Engineer: 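The structure follows.
Not measured: the values here are computed from a predicted model. Atoms within each ligand, like the ligands themselves, are counted from 1 in listed order.
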Amino acid sequence: MNIILFGLPGSGKGTQAYKISDKFELEHISTGDLLRNEIKKNTDIGKKVKSIIDSGKLIPDELINEIINSDYNKDLNYIFDGYPRTLEQSNFFDEYLATQGKKIDIVIFLELETKVVFNRLLGRRKCPNCGENFNVYYNPPKNNPFCDICGTKLETRKDDKEDTIQKRMEVYEFETKPLLNYYSEKNVLVKVDASKSEKEVFETLLKIVSKKLNKVKDGTY
Ligand code: AP5
Ligand code: MG
């Protein structure tokens, strides 16, 4: 089973992918998290991608496709968050999955208006110690700017600055949004209203994913 969570920066891909992967024991691949991890460890890849990520542009397709190629295991079930996000990546991924006897089962589009995204991203905070997530507007820490769980000072993502968010929106519009047509024509696209609360969005996703998994289990898919 290969599920893709698709949507604007800040639409809730990461938030929901963590919960869904936990609930259904799916492998969660977030290309953004993988790249940030490389930067943190100061690896060759990290050095190569740091300035690109900080500027809000996309990493070259070949590098991202290579990461997917080396991480993917056809015997596991996945939820992808932030991949594919160019037509080049989606073509590569379809062809690659076909060589593994697999395909994309469902693409869930977390639909959200652009104006909501700014608050979500400007308010996002993460604890560098325990990994807990907060949002100063929607889920504020009790003692801002410190983590409720371990008391460590919370961090803001470097690309969550107003001008970089603006750039990420433009990149989404021109390079990523065209994938909606691509997946719609393949009949795998499902739209979800991502303006609802985290809990409501999660409940909707639960229904969609369990229905798909049951169909796979009872062979009607
Ligand atoms: P990536 O890390 O994928 O970032 P993104 O797509 O810009 O998306 P975000 O992670 O910012 O948002 P999200 O949708 O996960 O929202 P979240 O759940 O956190 O990519 C970063 C960079 O890496 C790219 O710019 C590019 O340079 C590079 N990259 C990555 N993948 C690549 C690829 N495939 N090809 C090329 N380059 C690539 O939610 C946001 C906030 O809102 C949180 O604070 C959350 O608590 C809050 N929130 C979530 N849901 C709700 C809700 N329902 N109500 C209220 N608040 C909510
Ligand atoms: Mg994310």
Engineer: Measuring from non-hydrogen atoms of Glu200 to any atom of ligand 1, is the shortest distance under 4.0 Å?
Structural biologist: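 Contact absent.
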Engineer: Identify whether the distance between the nearest side-chain nitrogen and carboxylate oxygen of Lys50 and Asp54 falls below 4.0 Å.
Structural biologist: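 Result for this pair is yes, salt bridge flagged.
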Engineer: Give a yes/no verdict on whether any heavy atom in Ile53 is under 4.0 Å from an atom of ligand 1.
Structural biologist: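 Contact check Ile53 vs ligand 1: positive.
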Engineer: At under 4.0 Å between heavy atoms, which part of Lys57 makes contact with ligand 1: side chain, backbone, both or neither?
Structural biologist: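 It is the backbone that touches ligand 1; the side chain stays farther off.
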Engineer: Please report whether ligand 1 has a polar contact with Gly56, defined as an N or O pair separated by less than 3.5 Å (distance criterion only).
Structural biologist: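 By distance alone, the answer is no.
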Engineer: Is the contact between Ala17 and ligand 1 made by the side chain, the backbone, both, or neither, using heavy atoms and a 4.0 Å cut-off?
Structural biologist: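 Ala17 to ligand 1: no contact under 4.0 Å from either part.
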Engineer: Please work out whether any backbone atom (N, CA, C, O) or any side-chain heavy atom from C-beta onward of Gln89 is under 4.0 Å from ligand 1, and answer side chain, backbone, both or neither.
Structural biologist: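 Within the 4.0 Å criterion, Gln89 contacts ligand 1 through side-chain atoms alone.
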Engineer: In terms of side-chain geometry, is the basic nitrogen of Asp160 or Arg168 positioned less than 4.0 Å from the acidic oxygen of its partner?
Structural biologist: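 Here Asp160 pairs with Arg168 in a salt bridge, since their nearest N and O are under 4.0 Å apart.
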Engineer: I'd like to check whether Gln16 has a polar contact with ligand 1, where a contact means an N/O of the residue lying under 3.5 Å from an N/O of the ligand.
Structural biologist: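 No, no N or O pair falls under 3.5 Å.
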Engineer: Quick one: do Arg157 and Asp159 make a salt bridge, cutoff under 4.0 Å?
Structural biologist: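 Salt bridge flag = yes for Asp159 with Arg157.
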Engineer: Is the closest heavy-atom distance from Gly123 to ligand 1 below 4.0 Å?
Structural biologist: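 The answer is no, since Gly123 has no heavy atom less than 4.0 Å from ligand 1.
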Engineer: At a non-hydrogen distance cut-off of under 4.0 Å, which region of Lys196 contacts ligand 1 (side chain, backbone, both, or neither)?
Structural biologist: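 Under 4.0 Å from ligand 1, Lys196 contributes backbone atoms alone.
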Engineer: At under 4.0 Å between heavy atoms, which part of Val171 makes contact with ligand 1: side chain, backbone, both or neither?
Structural biologist: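 Contact part for Val171 vs ligand 1: neither.
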Engineer: In terms of side-chain geometry, is the basic nitrogen of Lys196 or Asp193 positioned less than 4.0 Å from the acidic oxygen of its partner?
Structural biologist: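 Salt bridge between Lys196 and Asp193, a charged N being under 4.0 Å from a carboxylate O: yes.
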Engineer: Charged N to carboxylate O below 4.0 Å: is that the case for Asp94 and Lys186?
Structural biologist: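 Salt bridge: yes.
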Engineer: Just distances here: any N/O of Ile59 and N/O of ligand 1 closer than 3.5 Å?
Structural biologist: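 Yes, Ile59 has an N/O under 3.5 Å of an N/O on ligand 1.
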Engineer: Is the shortest N/O to N/O distance between Asp33 and ligand 1 below 3.5 Å?
Structural biologist: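 Checking ligand 1 against Asp33, no N or O pair falls under 3.5 Å apart.
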Engineer: Which one of Gln16, His28, Lys13 satisfies the side chain to side chain donor-acceptor pair (under 3.5 Å) criterion with Asp81?
Structural biologist: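 The option that passes is His28.
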Engineer: Answer side chain, backbone, both or neither: which part of Val49 comes under 4.0 Å from ligand 1, heavy atoms only.
Structural biologist: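 It is neither part, as no heavy atom is under 4.0 Å.
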Engineer: Any N/O of Tyr83 closer than 3.5 Å to an N/O of ligand 1?
Structural biologist: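 No, since none of the N or O atoms of Tyr83 sits under 3.5 Å from an N or O of ligand 1.
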Engineer: Between Glu203 and Lys207, does any side-chain N to carboxylate O distance fall below 4.0 Å?
Structural biologist: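 Lys207 and Glu203: not salt-bridged.
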Engineer: Under 3.5 Å between any N/O of Tyr138 and any N/O of ligand 1: does that happen in this structure?
Structural biologist: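 N/O-N/O distance under 3.5 Å: no.
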Engineer: Are Ser11 and ligand 1 in contact, using a heavy-atom cut-off of under 4.0 Å?
Structural biologist: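 Yes.
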Engineer: Does ligand 1 have an atom under 4.0 Å from some heavy atom of Arg36?
Structural biologist: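 A heavy atom of Arg36 does come that close to ligand 1.
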Engineer: Is there a heavy atom in Leu121 that sits closer than 4.0 Å to ligand 1?
Structural biologist: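 Yes, Leu121 has heavy atoms under 4.0 Å from ligand 1.
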Engineer: Strictly below 4.0 Å, N to O, side chains only: are Asp105 and Lys103 in salt-bridge contact?
Structural biologist: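 Looking at Lys103 together with Asp105, the answer is yes, because their closest N to O distance falls below 4.0 Å.
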Engineer: Is the ring pair Tyr78/Tyr72 parallel, tilted or perpendicular, if the boundaries are 30 and 60 degrees?
Structural biologist: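 Parallel: the ring planes of Tyr78 and Tyr72 meet at under 30°.
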